[in-house]
Asker: 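One structure, pasted below without further comment.
Order of the sequence lines sets the chain letters (A, B, ...), proteins ahead of strands, with each chain counted from 1.
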Amino acid sequence: GAVVSQHPSRVICKSGTSVKIECRSLDFQATTMFWYRQFPKQSLMLMATSNEGSKATYEQGVEKDKFLINHASLTLSTLTVTSAHPEDSSFYICSAPPLSGEQFFGPGTRLTVL
Amino acid sequence: DAKTTQPPSMDCAEGRAANLPCNHSTISGNEYVYWYRQIHSQGPQYIIHGLKNNETNEMASLIITEDRKSSTLILPHATLRDTAVYYCIVRVAGGNAGNMLTFGGGTRLMVKP
């Protein structure tokens, strides 16, 4: 199946700093990528839809100025958590659907904000 | 997307079949049933999907009732590595990349030696 990678896999940062997470589709192009967040013992919650060449679409309750999304190319989307705080600590997962429409997920990035 | 209902947890003995149920009584005619699983601290993994016919692949079998209001994912010979949270999701399939997945609570399957 298609492969989606994320980098970094784990990051620890101080409160107030910004963290960038990359999501790449390795063997296919994706005009759309999705960003999810998962808190401990909870299900995945969609944060935003990343669209190549246009602005991201954010779900209700997700601050677009705090979670900056840039879909720089057909194989790369980045999520930047700006001025991170401990409550932003979570498992961030991206996914991308190839033309077939199926979704393939990245391995996730665990963010810990001290 | 139609809502799904799954038991929060299940146990299964290693080597036995694991049967995971899912209710989706409000499913629409053009919605497929998808199953994903998430092993601890990893991204979700696609397992199988179907519309109305039973489906089988190298990972699992999917049994969909005739009225399509429920389905069962079958892992024929569960191993310890199948311990994961299993998500049943119904959604419209196809090439429309705009259809994101809505995850419910899933079923936490524990395979025991």
Asker: If contact means a heavy atom pair closer than 4.5 Å, which residues of residues 10-25 of chain A contact chain B?
Answerer: none

Asker: Starting from B/Trp35, can I reach B/Met10 by hopping between I/L/V/M/F/W/Y residues whose side chains sit under 4.5 Å apart?
Answerer: yes

Asker: Spell out, yes or no, whether B/Tyr86 and B/Ile48 are grouped together once hydrophobic residues are joined by side-chain heavy atoms under 4.5 Å, including indirect joins.
Answerer: yes

Asker: Say you draw a straight line from CZ of A/Phe34 to CG of B/Leu101; how long is it, rounded to the nearest 0.5 Å?
Answerer: 7.5 Å

Asker: Let me check something: do A/Leu68 and A/Val113 share a hydrophobic cluster, defined by ILVMFWY side-chain heavy atoms less than 4.5 Å apart, either directly or through other members?
Answerer: no

Asker: Please name the pair of heavy atoms, one in B/Tyr87 and one in A/Gln42, separated by the smallest distance, quoted to 0.1 Å.
Answerer: OH-O, 4.5 Å

Asker: Please report the interatomic distance CD(B/Gln42) to CZ(A/Phe91), rounded to the nearest 0.5 Å.
Answerer: 8.0 Å

Asker: With side chains defined as the heavy atoms from C-beta onward, is the minimum distance between B/Phe103 and A/Met45 less than 4.5 Å?
Answerer: no

Asker: Does B/Tyr46 reach the main-chain N or O of A/Phe105 with its side chain, forming a donor-acceptor pair under 3.5 Å?
Answerer: no

Asker: Heavy-atom pairs under 4.5 Å with chain A: which of B/Gly43, B/Pro44, B/Gly104, B/Gly106 has the most?
Answerer: B/Pro44

Asker: Tell me, side chain or backbone of A/Ile93 under 4.5 Å from chain B's heavy atoms, or both, or neither?
Answerer: side chain

Asker: Checking A/Gln6 against chain B: side chain, backbone, both or neither under 4.5 Å from a heavy atom?
Answerer: neither

Asker: Donor-acceptor pair, A/Ser43 side chain versus B/Gly105 backbone, under 3.5 Å?
Answerer: no

Asker: Please determine whether residues B/Tyr34 and B/Ile63 belong to a single hydrophobic cluster, defined as Ile, Leu, Val, Met, Phe, Trp and Tyr linked transitively by side-chain heavy-atom distances below 4.5 Å.
Answerer: no

Asker: If hydrophobic clusters are built from ILVMFWY residues whose side chains come within less than 4.5 Å, do A/Met47 and A/Val81 share one?
Answerer: yes

